[in-house]
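First comes the structure, then the notes that go with it.
The model shown is predicted, which means the values in this text are computed figures rather than measured ones. Any value given below was found using the heavy atoms of this structure, including those in side chains, with hydrogens, waters and symmetry copies removed.
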Amino acid sequence: MDYTLNCNGQLFSLDELQVMGILNATPDSFYAGSRKQTEEEIIGRVHQILDEGGSIIDVGACSTRPDAEPATEKEEMERLRFALPIVRREAPEAVVSVDTFRPDVARMVVEEFGADIINDVAGPVNVQQSTVNVQHDMFRMVSRLRVPYIYMSRKATMKDVLLDCAEAVDTLRSMGQKDIVLDPGFGFGKTVEQNYDVMRDLERMQMLHLPILVGISRKSMIYRLLDTDPTQALNGTTVLNTIALMKGANILRVHDVREAVECVKMVWRQMRDSKLSDSKS
């Protein structure tokens with residue numbers, strides 16, 4: 001299906017597969033290569049994402065890696081107030097997503113910096129008072145801000161992911177939210193085995209008729225299976241990105257933009273050729 005997102009009044013098409021490049025303004029994200037804290041590092045990463053073909057810059061300022069000590073809301077805001085002006089100055093036309101689970105942070109980045117998309121991973125478990133209340137607070141906030149919203153499910157099976165996403169979409173629609181992207185949440189609330197089960201059934205998410213984001217870049221489901229570490233997980237990431245695209249993913253969230261863009265081009269060519277072949281038969 002053809003999808004579009006309304007990003008600050010401009011329609012951003014998902015008709016072609018998109019790559020979201022990760023920029024972590026944090027000292028403790030699980031993959032050291034993504035940590036960018038100085039102005040020079042942030043500038044370099046912004047241009048790397050765009051030069052390598054990324055179409056969305058995803059800025060995060062609070063690590064959600066397992067066992068991380070999450071930044072306070074004040075720390076997260078301070079990091080974003082440092083990073084986002086640099087991103088906007090260096091790439092004024094870029095689509096900018098902000099990775100946060102806090103409603104007040106979402107409000108700040110949209111109102112102060114014109115963030116185009118809120119990418120919500122629901123937060124580290126150890127800072128959640130009530131998952132339902134936190135999610136509904138975020139639902140109300142993004143609906144009021146009228147920005148595209150990425151909802152991620154922490155459920156462990158595809159059946160529960162689908163039920164969770166359907167319920168979230170119904171709630172969001174009742175609040176007036178228009179643009180919604182769904183993320184099955186690889187690496188969140190799932191064992192390694194469950195992650196692969198969800199990947200196996202990923203095409204089932206298309207029944208919800210919304211765009212799908214997949215973020216499996218260098219995650220533990222790859223390096224634990226291969227008995228390596230995040231620094232050696234690029235090849236495995238590319239394999240799973242290919243599978244995800246073939247199963248209907250619209251957006252890949254990645255550390256390694258060039259490799260993901262090449263993956264997209266090759267899968268897109270294969271999908272296009274398949275469609276042409278089907279039309280002639």
Side-chain angles (χ1 to χ4, degrees), residues 3 5 7 12-25 29-36 41-42 44-60 64-65 87 90-91 93-99 116-117 119 121 148 150 152 181-188 195-196 198-199 202-203 205-206 211-223 225-226 228-273:
Y3 300 110
L5 302 178
C7 297
F12 179 69
S13 175
L14 300 181
D15 182 30
E16 294 187 6
L17 307 173
Q18 304 294 335
V19 174
M20 171 188 283
I22 299 168
L23 193 168
N24 284 322
S29 296
F30 81 92
Y31 176 53
S34 71
R35 303 170 194 163
K36 308 297 178 184
E41 288 174 337
I42 293 169
R45 180 58 175 162
V46 167
H47 288 287
Q48 180 185 31
I49 290 171
L50 297 179
D51 291 347
E52 293 184 356
S55 53
I56 307 170
I57 301 172
D58 190 52
V59 184
T64 54
R65 66 178 173 83
V87 175
E90 296 297 316
E93 303 302 319
V95 174
V96 176
S97 166
V98 173
D99 181 345
D116 299 288
I117 300 169
N119 181 16
V121 296
I150 300 171
M152 191 200 77
V181 178
L182 300 177
D183 177 352
F186 291 107
F188 290 86
N195 278 306
Y196 283 97
V198 171
M199 179 64 78
L202 185 64
E203 66 270 16
M205 290 193 70
Q206 295 182 66
I212 300 166
L213 178 145
V214 166
I216 45 87
S217 183
R218 295 182 181 268
K219 285 186 175 179
S220 62
M221 64 180 288
I222 299 168
Y223 63 79
L225 181 68
L226 302 177
T228 56
D229 59 48
T231 66
Q232 301 178 69
L234 174 55
N235 188 52
T237 296
T238 300
V239 171
L240 288 186
N241 278 339
T242 302
I243 294 170
L245 292 170
M246 298 297 289
K247 287 179 173 286
N250 304 94
I251 304 170
L252 297 177
R253 181 180 183 271
V254 300
H255 300 95
D256 307 281
V257 174
R258 179 177 62 82
E259 290 80 357
V261 168
E262 290 177 353
C263 181
V264 162
K265 287 180 179 178
M266 297 181 76
V267 171
W268 184 252
R269 174 62 183 264
Q270 182 66 30
M271 291 169 65
R272 187 195 68 180
D273 289 350

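Shown here are the side chain to side chain contact (heavy atoms under 4.5 Å, CB included) partners of Leu225, two or more places apart in sequence or in another chain: Tyr196. Scanning for salt bridge (charged side-chain N to carboxylate O under 4.0 Å, His left out) contacts around Asp183 gives an empty result, with sequence neighbours left out. Among residues two or more places apart in sequence or in another chain, the side chain to side chain contact (heavy atoms under 4.5 Å, CB included) test is passed with Asn195 by Phe186, Lys190, Met221. By the side chain to side chain contact (heavy atoms under 4.5 Å, CB included) test, Val261 pairs with Val19, Val257, Lys265, sequence neighbours left out. Partners of Ser55 by side chain to side chain donor-acceptor pair (under 3.5 Å), not counting sequence neighbours, listed by chain and number: Gln18. Qualifying side chain to side chain donor-acceptor pair (under 3.5 Å) partners for Glu259, counting only residues two or more places apart in sequence or in other chains: none.
Between the side chains of Gln232 and Asp229, at least one donor N or O sits under 3.5 Å from an acceptor N or O.
The shortest distance between side-chain heavy atoms of Arg269 and Val264 does not fall below 4.5 Å. Contact of the Ile216 side chain with the Val214 side chain is registered, since non-hydrogen atoms from C-beta on lie closer than 4.5 Å. Two residues are said to be in side-chain contact when any heavy atoms from C-beta on lie closer than 4.5 Å; Leu17 and Leu252 fail this criterion. Taking the side chain as every heavy atom from C-beta outward, Phe188 and Met152 approach each other to under 4.5 Å.
Among all heavy-atom pairs drawn from Arg45 and His255, the shortest one is NH2-O, 2.8 Å. Of all the heavy atoms in Asp116 and Ala94, the pair that sits closest is OD2-O, 3.6 Å.
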Step-by-step salt bridge (charged side-chain N to carboxylate O under 4.0 Å, His left out) determination, Arg258 to Asp51:
CA-CA 9 Å; Arg258 179 177 62 82; Asp51 291 347; over 6 Å; no

